[in-house]
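Just so you know, these numbers use all the heavy atoms, side chains as well, and skip hydrogens, waters and symmetry mates. These figures come from a predicted structure and were not determined experimentally.
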Amino acid sequence: MPARPLAGLRVLEFAHTIMGPTAGLLLAELGADVIKVEPAPDGDRTRRLGGFASGFFAGFNRGKRSLAIDLKRPEGRQLLHRLVPHTDVVLENFAPGTMERLECGHEQLAALNGRLIYLALKGYLRGPYEHRPALDEVVQFQSGLAWTTGPPGRPLRAGASVIDITGAMFGVIAVQAALRERDETGKGQRISSSLFESAAFLMTTHMAGMAATGLDALPMPVRRAAWAIYDVFETGGGEQLFIGVTSDQQWTRFVSEFDLRHLADDARLATNASRLEEREWLIPEIGRVIGRYSREEVERRCTRCEISWAPVARPGDLFDDPHLLATGGLVDVLVPHLARDGASVVGLPALPVEFGPGRERPRPCGQPPGIGEHTAAILAECGISDAEIAGLAKQGVIALDTA
């Protein structure tokens, strides 16, 4: 049975795009009942995004229940307030002030439930920037992450929404800490996580390295390497592999496995520190040797000598990755088609944690919900009668069963 350590917790998620939905996804797959609060009648606008963003909704909203409610109407806000006493956690990633205008800010909801944990996922934490709008890509540039990722003079965002997802993770860590504190005090609290501060945290290695060496940080393509052999090499068939040799013991095994006796006996290459000084000629020399072998042969030799290596994969390669397929690392998710009717079940990455002696991976408890698919059930669980639910639906305050 998949681990569900947060079973019994109820979460109201007011979120769109990636950061907030990721936090909700993490809580859902750890066992919480995550209720996605969507605008009635049209639902989360993320459902209708195109291009690169067309998979956002399906990718980050599996295993949740959908409550479609019009919070711009006083009847909708009053209805939402009736759910708050039955809720453990509220999470939101709307622009500053939005939740307050909807009468769903922390102070407004905490007055209804003193045990409520309220997670605000924002662009910035408290300070001069806190009212500025922000996006993942914006703070990648603002924090220096884009500058370090691209080649000199060409800052480049990371190839995934790393800050949205990292900010969500820090938010969930804060939720778990606040729940633990609530166990002791009986009181909830407002907590927050942000994009900019999460991106700044990722710059710790660069900042600490600057302090330790007295040197400026450099973009990754021209960085001062920590290990001499830590690069992409081309094999005989024109395919690429990344190879990392990160200790002197690994170096000894590597040169033996690849028959590099002339390098093994070279005093200039005795230690990683000395090898770093010889990279200008050493990397091309190793590249020449790697180029003699097929990709499969290089992989076999790297495996035998127990060094780190990896193919230069593309995202689509993960659908067929043998490790993920063998270990339940992909879960079946229904993804609507962008350019045609219908949807396909595809394998998307499972939550990357294991629990217990059986090393169980958390699993989704359902597919991404339809707009308002669970509205009636959620309201009934909170003591709202069938007649009142029908009346609210007739008035357009809520949307029902549009899966």
Side-chain angles (χ1 to χ4, degrees), residues 10-29 32-73 76-77 79-80 83 87 89-105 109 118-123 133-136 161 164-165 167-168 171-172 195 333-338 341-343 348 364-379 392-393 396-403:
R10 173 167 286 181
V11 179
L12 291 180
E13 175 194 303
F14 300 79
H16 60 100
T17 319
I18 296 181
M19 190 187 192
T22 296
L25 172 65
L26 295 173
L27 293 168
E29 298 207 348
D33 175 20
V34 177
I35 297 170
K36 184 171 187 66
V37 181
E38 303 190 65
D42 297 325
D44 181 355
R45 64 181 178 83
T46 309
R47 293 177 179 272
R48 298 179 292 280
L49 295 178
F52 173 73
S54 60
F56 285 3
F57 189 87
F60 297 104
N61 287 286
R62 65 196 190 220
K64 302 175 186 178
R65 297 198 289 168
S66 172
L67 168 67
I69 183 169
D70 186 354
L71 293 177
K72 293 182 178 179
R73 298 173 59 172
R77 297 192 292 273
L79 180 62
L80 191 283
L83 306 185
T87 300
V89 179
V90 162
L91 72 87
E92 60 94 0
N93 76 325
F94 293 152
T98 300
M99 290 292 281
E100 287 73 19
R101 288 194 297 273
L102 294 172
E103 299 178 10
C104 293
L109 299 189
Y118 188 102
L119 171 61
L121 297 159
K122 299 300 179 184
L135 299 166
D136 184 306
S161 298
D164 277 325
I165 294 171
V172 170
L195 295 173
V333 178
L334 189 66
V335 179
H337 299 151
L338 176 63
D341 292 335
L348 296 181
C365 60
Q367 294 295 341
I371 302 169
E373 181 178 348
H374 307 96
T375 299
I378 292 164
L379 296 180
L392 290 166
V397 176
I398 59 175
L400 301 176
D401 300 326
T402 60

*Asks:* To the closest 0.5 Å, what do you measure between CG (L109) and CD (E103)?
*Replies:*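 So the CG of L109 and the CD of E103 are separated by 10.0 Å.
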
*Asks:* Counting C-beta onward and ignoring hydrogens, is there a side-chain heavy-atom pair between L67 and L379 closer than 4.5 Å?
*Replies:*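 L67 reaches L379 side chain to side chain.
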
*Asks:* Would you sort out whether E92 and K122 count as a salt bridge (Lys or Arg N to Asp or Glu O under 4.0 Å), showing the intermediate values?
*Replies:* CA-CA 8 Å; E92 60 94 0; K122 299 300 179 184; 2.9 Å; yes

*Asks:* Over all heavy atoms of both residues, which pair between R48 and D42 is shortest? Give the atoms and the distance, please.
*Replies:*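 Minimum heavy-atom separation between R48 and D42: NH1-O, 2.7 Å.
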
*Asks:* Hey, is the main chain of P21 close enough, under 3.5 Å, to the side chain of K64 for a donor-acceptor pair?
*Replies:*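 Yes.
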
*Asks:* G59 and L348: which non-hydrogen atoms are nearest, and at how many Å?
*Replies:*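 Scanning both residues completely, I find the closest heavy atoms to be CA-CD1, 4.0 Å.
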
*Asks:* Keeping the roles fixed (side chain from E100, backbone from G105), state whether a donor-acceptor pair exists under 3.5 Å.
*Replies:*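 Side chain of E100 to backbone of G105: no pair is present.
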
*Asks:* Quick check: do F14 and L80 have side-chain heavy atoms less than 4.5 Å from each other?
*Replies:*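 Side-chain contact under 4.5 Å: yes.
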
*Asks:* With side chains defined as the heavy atoms from C-beta onward, is the minimum distance between R65 and D33 less than 4.5 Å?
*Replies:*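 Yes, at least one pair of side-chain atoms sits under 4.5 Å.
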
*Asks:* Would you please name every residue forming a ring-ring contact (aromatic ring centres under 6.0 Å, His included) with H16, sequence neighbours left out?
*Replies:*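 Testing H16 for ring-ring contact (aromatic ring centres under 6.0 Å, His included), a comparison that skips the adjacent residues, returns F94.
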
*Asks:* As an exercise, state the distance from CG of L25 to CG of N61, rounded to the nearest 0.5 Å.
*Replies:*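 Between atom CG of L25 and atom CG of N61 there are 8.0 Å.
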
*Asks:* When rounded to the nearest 0.5 angstrom, what distance separates CG in D136 from CG in D164?
*Replies:*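 Interatomic distance, D136 CG to D164 CG, rounded to 0.5 Å: 4.0 Å.
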
*Asks:* So which heavy atom on G372 is nearest to which on S66, and how close?
*Replies:*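 Here G372 and S66 meet closest at N-OG, 2.8 Å.
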
*Asks:* Can you give me the closest heavy-atom contact between P368 and A58, atom names plus distance?
*Replies:*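 Closest approach of P368 to A58, heavy atoms only: CG-O, 3.6 Å.
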
*Asks:* Could you measure the distance from the OG1 atom of T17 to the CG atom of L135? Nearest 0.5 Å is fine.
*Replies:*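 Result: 8.5 Å between the selected atoms.
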
*Asks:* Under the 3.5 angstrom rule, does the side chain of N93 hit a backbone N or O of L121 as a donor-acceptor pair?
*Replies:*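 No: the side chain of N93 does not pair with the backbone of L121.
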
*Asks:* Under the side-chain contact (heavy atoms from CB on, under 4.5 Å) rule, collect the residues that match up with P39, sequence neighbours excluded.
*Replies:*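 With sequence neighbours excluded, P39 shows a side-chain contact (heavy atoms from CB on, under 4.5 Å) to no residue whatsoever.
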
*Asks:* Measuring from C365:SG to R62:CZ, what's the distance to the nearest 0.5 Å?
*Replies:*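 One gets 10.5 Å once the value is rounded to the nearest 0.5 Å.
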
*Asks:* If I compare all heavy atoms of P369 with all of H374, which pair ends up nearest, and what's the gap?
*Replies:*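 The pair with the smallest heavy-atom distance is CB-CE1, 3.7 Å.
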
*Asks:* Short question: side chain of T46, backbone of F57 - any donor-acceptor pair under 3.5 Å?
*Replies:*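 Answer holds: no.
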
*Asks:* Using a 3.5 Å distance criterion without hydrogens, assess whether the side chain of T375 forms a donor-acceptor pair with backbone atoms of A68.
*Replies:*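 Confirmed, T375 side chain pairs with A68 backbone.
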
*Asks:* Ignoring hydrogens, what is the shortest heavy-atom contact between A399 and P41? Give both atom names and the distance.
*Replies:*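 Taking every non-hydrogen atom into account, CB-CA, 4.4 Å.
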
*Asks:* Between atom CZ of R45 and atom CZ of F56, what is the distance when rounded to the nearest 0.5 Å?
*Replies:*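 These two atoms lie 10.5 Å from each other.
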
*Asks:* Is there a donor-acceptor contact under 3.5 Å from the side chain of K36 to the main chain of A15?
*Replies:*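 Checking the backbone N and O of A15 against the side chain of K36, a donor-acceptor pair under 3.5 Å is found.
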
